[in-house]
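Here's the structure we're looking at; comments come further down.
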Amino acid sequence: MIPDLAESDRRVIMDSFLQFQKYWVNNMQFPLGLLSKFLGDMDVLLQDASPGSSQQFQRLLALLSCFSTVLQSTASGLLEMNMLEQISEPLCKMVPILLGCMSMIGKKFGWSKWIDDSWRCLTLLAEILSERFATFYPVAVDILFQSLVMEFKDQSLNMKKLDSFQVHGVLKTNLQLLSLQKLGLSPSSVHKILQFDAPISQMRLHPNHLVPGSSAATYIFLLQHGNFEVVEKAVIVLLEELNLLRCMLGQKSDLQNPAYDVKVPKSYSKSELFALIKFDLEVLLSCVSLGSGACMIGQTEIDTLYVNMSGKLISSIIGNFNPFESPVRGHVELQVIVLKTLERLAALEFLSKCSLRKQVTATASQETTPEKLEKVENGRTELPGLVLQHLKMYAILLIRALHVTSPLAVKIEALQWIHEFCGKVVHIYENEKALYFPYEAFGYADIVQDLLFSVLDVASDREPKLRSLVALVLQKLLQAKLIHPTHFIITTQAVLEKLGDPDDDIRNAFVRLLSSVLPITVYACGLRDNGVATACWPGVLRFNNRSNLHWKQLFALKQLPQQLHSQQLVTILSYIAQRWKVPLSSWIQRLICSCGRTKNVTLIQPEETYNSSSNGLLWDIKVDGDILERICSVNTLAGAWWAIHEAARYCITTRLRTNLGGPTQTFAALERMLLDVAHVLHLDADQSDGNLNIIGSSYAHLLPMRLLLDFVEALKKNVYNAYEGSTVLPSASRQSSLFFRANKKVCEEWFSRISEPMMNAGLALQCHDATIYYCALRLQELRNLVVSAIKDKSRVQLTENIHNVRARYAADILRVLRHICLAFCKTHEPEALIGIRNWATVAFSPLFTDENQSSDDSGIIGHFSWITGLVYQAEGQHEKAAAHFIHLLQTEDSLSFMGSDGVQFLIARIIESYSAVSDWKSLESWLSELQTLRAKHAGKSYSGALTTAGNEVNSIQALARFDEGEFQAAWACLDLTPKSSSELTLDPKLALQRSEQMLLQAMLHQVEGRVEKVPEELQKAKGMLMEPLSVLPLDGILEAASHVNQLYCISAFEECYKLNVSQDKHFPSLLSSHMQAMKSPIIKDRQDCNIWLKVLRIYQTAYPMSPVTLKLCKNLMSLARKQKNFHLANHLDSYLKDHLSNFPDGSTRDHIMLGLEYERVLLMHAQDKFDDALFSLWSFIRPSMISSSFVASDTIYKVLKAKACLKLSNWLQEDHSNSGMKDVVLKIRCDFNTSPGKEESSSILDNLYSKESVNAIIEELVGSVTKLSCQLCPTLGKSWISYASWCYNQAKSSLCTPCEDALFSCSFSAVLDSEIQPARYKLTEEEVLKVKGIISKLLDSRYCCKVSNEDGGSDVLCAESPESMQSDGTASSLFQEVVDTVEAEAGAPGAEDNNGEFLPNTLTSKLQHCLFKANVVLEEANVISLISDLVNIWWSLRRRRVSLFGHAAQAFVNFLSYASSRSLDGHLNGCSEKSKYKSVNYTLRSTLYVLHILLNYGIELKDTLEPALSAVPLLPWQACPSAYGLV
């Protein structure tokens, strides 16, 4: 114990102690005595009250070293002998003394000089005592904290504070102590360690990064501890601290708010508070990432813990640190931190729930009982519910984060949250055989709608990074199936508008996205636009809570503060006149920013402001001053749209005085521009030598031409507004109004004159709306001219005059009619075509009807019969259209009526129709017939038109040769095409044709092995589409569909070419994944099979044996059948038959084969092969119906068989008066007779040919297959509706007098045994015996009565014997009358038809009447009791009689239950409003029927209805709240 002993000498002495280890282990009392001696000496030294000296400190340090060395040596020896417990108990008694001494040493002498020794000693104690050390840990940690917080004022002994490395060592030692305690750590110690004012908490702000790192390690260790109580306590402490930090932050932000009034020992800056909050949130995440304790519990327990813990943390964080509420609001950095934390916790919660669901399904799938299999199926259907629950929980938070006022970093974080979540959903669905997809969950569309629209709104943010990120998010949303089909059109329109983005990279990203989303939209929704904007659409501007305007409407109808000056008008007019050869994006932004602002929104003169109503409906709508810059900064097309409308208003203000000259010169210049549009595009289309390139030589572009069309239309509206006024446009100035009123006739004449150029420009630009509008105006003008010309002549001259008028106007009328009808055809408006045909027939009948011409059966004049073919084309019935057009070319009358132009028009339509369905053989055959037809009519005025001149037949024949596998012949045809086919063109139609030709050449190079030439051809194919893409946002989905579909075909082929993946991998396309997800095939309405044949051609070339290719082929076959394109359907059937024979066996092949078999049956029926189709359909479902051992476990199989059952039910209920139907029904009936366990006598079979028997068989078959549909697929909504309707109709037919449709019993099907009970019309034998007994008792009461005797009692007096009662026939007649009464009353109608009378009371009255006639005394008590027994028997029969109403109610209830859980396999919900209303109608109908049954038969069916109604969720009942007034 020499105080000044050197350190090296001390180490030698300490090491020598180790030599006595073996002795000390064998003589435990000796080392224990030494340890006690060392402790005693230390205690004596520390009891000295004098200030500590250096010598005293050295002696204490030496004693501590000796204690530690002896203890380590002894413990090591005991550990080798597994006898460590021998020293644990004595050591536990020494530890309190040792800890007390260490604490006194620190207080008296400081810590820096001996801190290492204290660490070693504490660690040694913890290693020896392990869990027992937990008892002493609070004191030990106090010692460690003491070393961190002590303030030394006496510097005489050179005491100093700990440096950063020593602080790091203290924290590291504490972590070792915690770890060595294992599961013995007390939760109470957690609070001591982590409380806010504890040193470890304070060390989080230490400047040396090692110290906060060690502090974080301590937090993480506790949050990942194996003892869940420790974890829970740590979480509670941290959440309390977060609440405290929130209050402290609130004090910094809002000094006046008393809610943030807290007392803290130290003041913190905002940056320090942010750092602490960020630290707490990050370490809290570690509590859902278990450490060593995870191995002690199962995966289910871990997932359950994760779900509970993450839910608790999310709730607390949102409650205390809502990013959009005080005090977090306004601190962007903190908002981002909170959102990141919530995203990670929410993701973990979602994944844990999915894992739990998967474990339940996996456990159940190990057993094959029906209950377990149903549980597996239910587990697979729960996934969409989990996705919906997640989105519902966080949608509001994400919507607020994406709000226009949110900071950029917050928006980015929200978009990344959505992107990451979509990725997780995609990953889960790729690894699971999920039956349903997220958007199929009930109510999904309404819940996710606002979130989707918020994402689409961010696509118009000024920040390029956000717009770029939105494109990625939308693609991921589509990939994850998180966009409901009802939102496909809106999403596509929003993406289409983004083609006007000024940033090329962003624009290209949205072009790629559009090529993916538009085919999906057309697949699910058809070729349709949404029409007028509504308040919920993205991109719609909302004003005053009542007005909802798209930016197109706003810019066209309301004058904004920005106004043009003369030089800017010159710029706009020069651009649309193709005189300024600069891109739109290079000047439109500058023009808008340089526009002057006026305080007054309009150009109205002061003297005209008295009439506010003349200022338009939008006058009182207040708009932001920067709305124009905000919209146009991200959409150059919006800027151009505003510019042309503002230029039109400016022309009104200047009274048409422009840089082009005065009004006359301006009108003339505009007319020349319009004429140039058609001329340039016609010239571009006609050039065939390749030497003239309109785009390259004149720098002409399509967009200025399109804007010219809109400018003239806007000018026309504003001119009309100037002299007539308008309710929607702001009124013009007084001078302008006077000017245009004075020149009204001149303006009208000019606008009338330009109708033809506008129509031709619309035709050339493929702008169908403009074509239809100006064709309609032109037709109206022609009609007026015809009427005026005919009226000018007298009756005598009428016939001659009509011939003159016809010669003058007929050609123009037919030409304009062809234009407008073709435009309606391209926009898929068959109803409009029928309307225009009928109108033309009436309007021009005086001109085209004479004594030599008659109309057809429908009243259509021969001149207009060709419109019917366009109606077929608009409906997608191309084969029927081609047949109709060919028929018109067969008669001379038709050829004469149509003339050369009309014949050429029909030839183009025939080629178009055959090409649309790829019916190359029919096309080739018809082309041969056309040559014969031309020779037949040689010398006629129209014979020269009977040729394919003007139609690019060579490229079509090249495509035909490619489809037939004749590649060299295809190249030969391509060589015959014009040299200009590889040149860029302005004509949108021609650009599409050339792009298709370039793609065909790329596919030819690919199949022939010249892969190096493929990229060049694909690049050319893309380049052809760039000009049309520039104007598509101004048109809409209809006009964009063909070009974007071509872009998709190019992209799909390019991706396949680059990847060159094997056949067993997924087709790299969003469309392919959506085809797999969607339960229904391609929608029939407003659909064109031509675009899908183009897609199929790409798939067949790249992946001829891919499941996606085969499924698209089958779906296209279904579409062809629905559109009556039977040649196409049979061709696709042959393709499938050939390729499925080589397809590997497996579930995929089985599913396709099964679907194809069903589709062939439907095709037979569509081709009017009714009997064959009916029997084939029966053969399709026969195993499921007849075989008792048949079990279907495959969900797809069940759904298809269930749909087939419903289809058979519908066909059986059609008109079956023909003998063929009867024979098929009898064959089906015989199949039941020959089934195992069934025998039928020949006498019964002989009677089956009567009409009544066939009707009964059909009714029983309908009920059987409908019920089987419900059994096969309980989630098929139509099955429950059909089955419920059948039960209800049968129940209604069986009441009162049963009609011929009512089934009295099941003659062959065991499926309906529970529904069709033979005893429901008559009493059972047991009930009859009961009635006989009751009648006997009643008659006994009549013949035996009580009489009073002399003693005051009573005696029974019997007047007749029982034999006499039976012999007079009274009993039998009364019995029969009672039975008839009971059975008749059992069929009484429901409560509504009984005028409120209670049926048992009515029955009792009738029974009493019967008994009264039999002289039964009714007042007797026993008689009343017997009548009550008869009523009870009636109740039993009544319940059987109305039991079918119970089955109907149960079926309706089942539909409502499934409708509330998901979208019923997608068979009731679709993307169209019609489908939506249909689904709501089914729900309303079911609800009303249930209420009707409840009202009329609720008492009888109480046992059935009560449990059924209790299982229905509340949501369906909300569909018709007014219906409850009926109950």
Side-chain angles (χ1 to χ4, degrees), residues 523 876-880 882-883 913-925 959-960 962-965 1072 1075-1076 1078-1084 1087-1101 1103-1146 1148-1181 1196-1197 1199-1201 1203-1204 1207-1208 1211:
Y523 184 99
Q877 301 181 33
H878 296 287
E879 292 178 5
K880 195 172 181 180
S913 295
Y914 280 133
S915 301
V917 292
S918 297
D919 192 355
W920 309 123
K921 291 183 179 180
S922 297
L923 176 60
E924 186 175 355
S925 174
L959 191 60
F962 177 84
D963 286 348
E964 294 167 358
S1072 62
M1075 280 195 299
Q1076 299 286 358
M1078 293 179 182
K1079 305 295 188 298
S1080 57
I1082 305 173
I1083 190 172
K1084 171 192 172 185
Q1087 193 65 260
D1088 190 356
C1089 59
N1090 184 29
I1091 63 175
W1092 295 112
L1093 281 172
K1094 295 176 182 178
V1095 175
L1096 180 62
R1097 185 176 292 113
I1098 299 298
Y1099 284 19
Q1100 289 173 335
T1101 303
Y1103 303 111
M1105 296 292 291
S1106 169
V1108 176
T1109 303
L1110 299 179
K1111 182 169 183 179
L1112 176 60
C1113 188
K1114 185 180 72 68
N1115 289 345
L1116 188 51
M1117 176 183 171
S1118 175
L1119 176 63
R1121 168 183 56 81
K1122 294 174 183 176
Q1123 295 182 336
K1124 302 186 183 302
N1125 296 315
F1126 298 132
H1127 287 292
L1128 174 60
N1130 288 317
H1131 172 72
L1132 296 172
D1133 185 17
S1134 300
Y1135 177 87
L1136 287 169
K1137 183 179 179 181
D1138 294 340
H1139 286 76
L1140 282 173
S1141 60
N1142 300 321
F1143 197 86
D1145 294 336
T1148 302
R1149 182 179 185 274
D1150 295 340
H1151 293 160
I1152 297 176
M1153 287 290 290
L1154 190 69
L1156 182 59
E1157 183 181 357
Y1158 179 58
E1159 187 56 43
R1160 286 168 179 162
V1161 174
L1162 299 180
L1163 181 59
M1164 278 188 232
H1165 190 270
Q1167 292 175 306
D1168 297 336
K1169 302 174 182 178
F1170 301 120
D1171 298 341
D1172 294 340
L1174 188 62
F1175 193 75
S1176 298
L1177 187 59
W1178 164 248
S1179 301
F1180 183 72
I1181 67 171
I1196 297 177
Y1197 183 96
V1199 172
L1200 196 57
K1201 291 285 185 176
K1203 291 170 66 176
K1207 187 65 69 175
L1208 179 60
W1211 289 356

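By convention here, the first residue in the shown sequence is residue 1.
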Subject >> N1115 and W1092, any side-chain heavy atoms less than 4.5 Å apart >> reply: no
**OP:** Return the minimal non-hydrogen interatomic distance between S915 and L923, and the atom names on each side.
**Re:** OG-CD2, 4.4 Å
Original post:
Got a second to check how far L959's CG is from K1094's NZ, nearest 0.5 Å?
Top reply: 9.0 Å
Subject >> Distance in Å, I1091 CD1 paired with Y523 OH, rounded so as to fall on 0.5 Å steps >> reply: 12.0 Å
Original post:
For the atom pair CD1 (I1181) and NZ (K1203), what is the distance rounded to the nearest 0.5 Å?
Top reply: 14.5 Å
Original post:
Taking side chain as C-beta onward, heavy atoms only, is R1097 less than 4.5 Å from S918?
Top reply: yes
Original post:
Which atom names give the shortest non-hydrogen contact between M1164 and S1176, and what distance separates them?
Top reply: CE-OG, 3.6 Å
Subject >> Atom NZ of K1084 with >12 non-hydrogen neighbours under 6.0 angstrom >> reply: no
**OP:** Hey, could you give me the CD/CD distance between E879 and Q877, rounded to the nearest 0.5 Å?
**Re:** 10.0 Å
**OP:** Would you indicate whether the side-chain heavy atoms of P1104 and Y1099 approach each other to under 4.5 Å?
**Re:** no
Original post:
Does the side chain of L1163 reach to within under 4.5 Å of the side chain of N1130, using non-hydrogen atoms?
Top reply: yes
Original post:
Checking Q1087 side chain against G876 main chain: does a donor-acceptor pair fall under 3.5 Å?
Top reply: no
Subject >> Minimum side-chain heavy-atom gap I1082-S1118 below 4.5 Å >> reply: no
**OP:** Could you check if a side-chain atom of I1152 sits within less than 4.5 angstrom of a side-chain atom of T1148, using non-hydrogen atoms only?
**Re:** yes
Original post:
Quick one: CE on M1117 to CG on L1112, what's the gap to the nearest 0.5 Å?
Top reply: 13.5 Å
Subject >> Closest approach of L1128 to C1089 (non-hydrogen atoms, all atoms of both residues) >> reply: CD2-SG, 4.0 Å
**OP:** Would you check if V917 and H1131 make a side-chain contact, meaning some heavy-atom pair closer than 4.5 Å?
**Re:** no
Subject >> Derivation and outcome, side chain to side chain contact (heavy atoms under 4.5 Å, CB included), residues Q1100 and D963 >> reply: CA-CA 10 Å; Q1100 289 173 335; D963 286 348; 5.8 Å; no
Original post:
Could you go step by step and tell me if Y1197 and D1150 meet the side chain to side chain contact (heavy atoms under 4.5 Å, CB included) rule?
Top reply: CA-CA 9 Å; Y1197 183 96; D1150 295 340; over 6 Å; no
**OP:** Could you please spell out the steps behind the ring pair (Phe, Tyr, Trp, His ring centres under 6.0 Å) verdict for F1170 and W1211?
**Re:** CA-CA 9 Å; F1170 301 120; W1211 289 356; 8.4 Å; no
**OP:** To the nearest 0.5 Å, tell me how far E1157 CD sits from F1180 CZ.
**Re:** 5.0 Å
Original post:
Hey, does H1139 have a side-chain heavy atom less than 4.5 Å from the side chain of M1105?
Top reply: yes
**OP:** Can you see which heavy atom on S922 is nearest to which on Y914, and at what distance?
**Re:** CB-CE2, 3.4 Å
Subject >> Steps toward side chain to side chain contact (heavy atoms under 4.5 Å, CB included) verdict (F1143, M1153) >> reply: CA-CA 10 Å; F1143 197 86; M1153 287 290 290; over 6 Å; no
Original post:
Has the side chain of T1109 got a donor or acceptor atom that lies under 3.5 Å from a matching backbone atom of Y1103?
Top reply: yes
**OP:** Decide if atom CD of E964 counts as having more than 12 heavy atoms of other residues, nucleotides or ligands within a radius under 6.0 Å.
**Re:** yes
Original post:
L1116 and L1093: which non-hydrogen atoms are nearest, and at how many Å?
Top reply: CD2-CD2, 3.4 Å
Original post:
Only one of R1121, K1111, K1114 clears salt bridge (charged side-chain N to carboxylate O under 4.0 Å, His left out) with E1159; which?
Top reply: R1121
**OP:** Using the salt bridge (charged side-chain N to carboxylate O under 4.0 Å, His left out) rule, collect all pairs that involve residues 1130-1142, keeping only residues at least two apart or in two chains.
**Re:** D1133-R1160
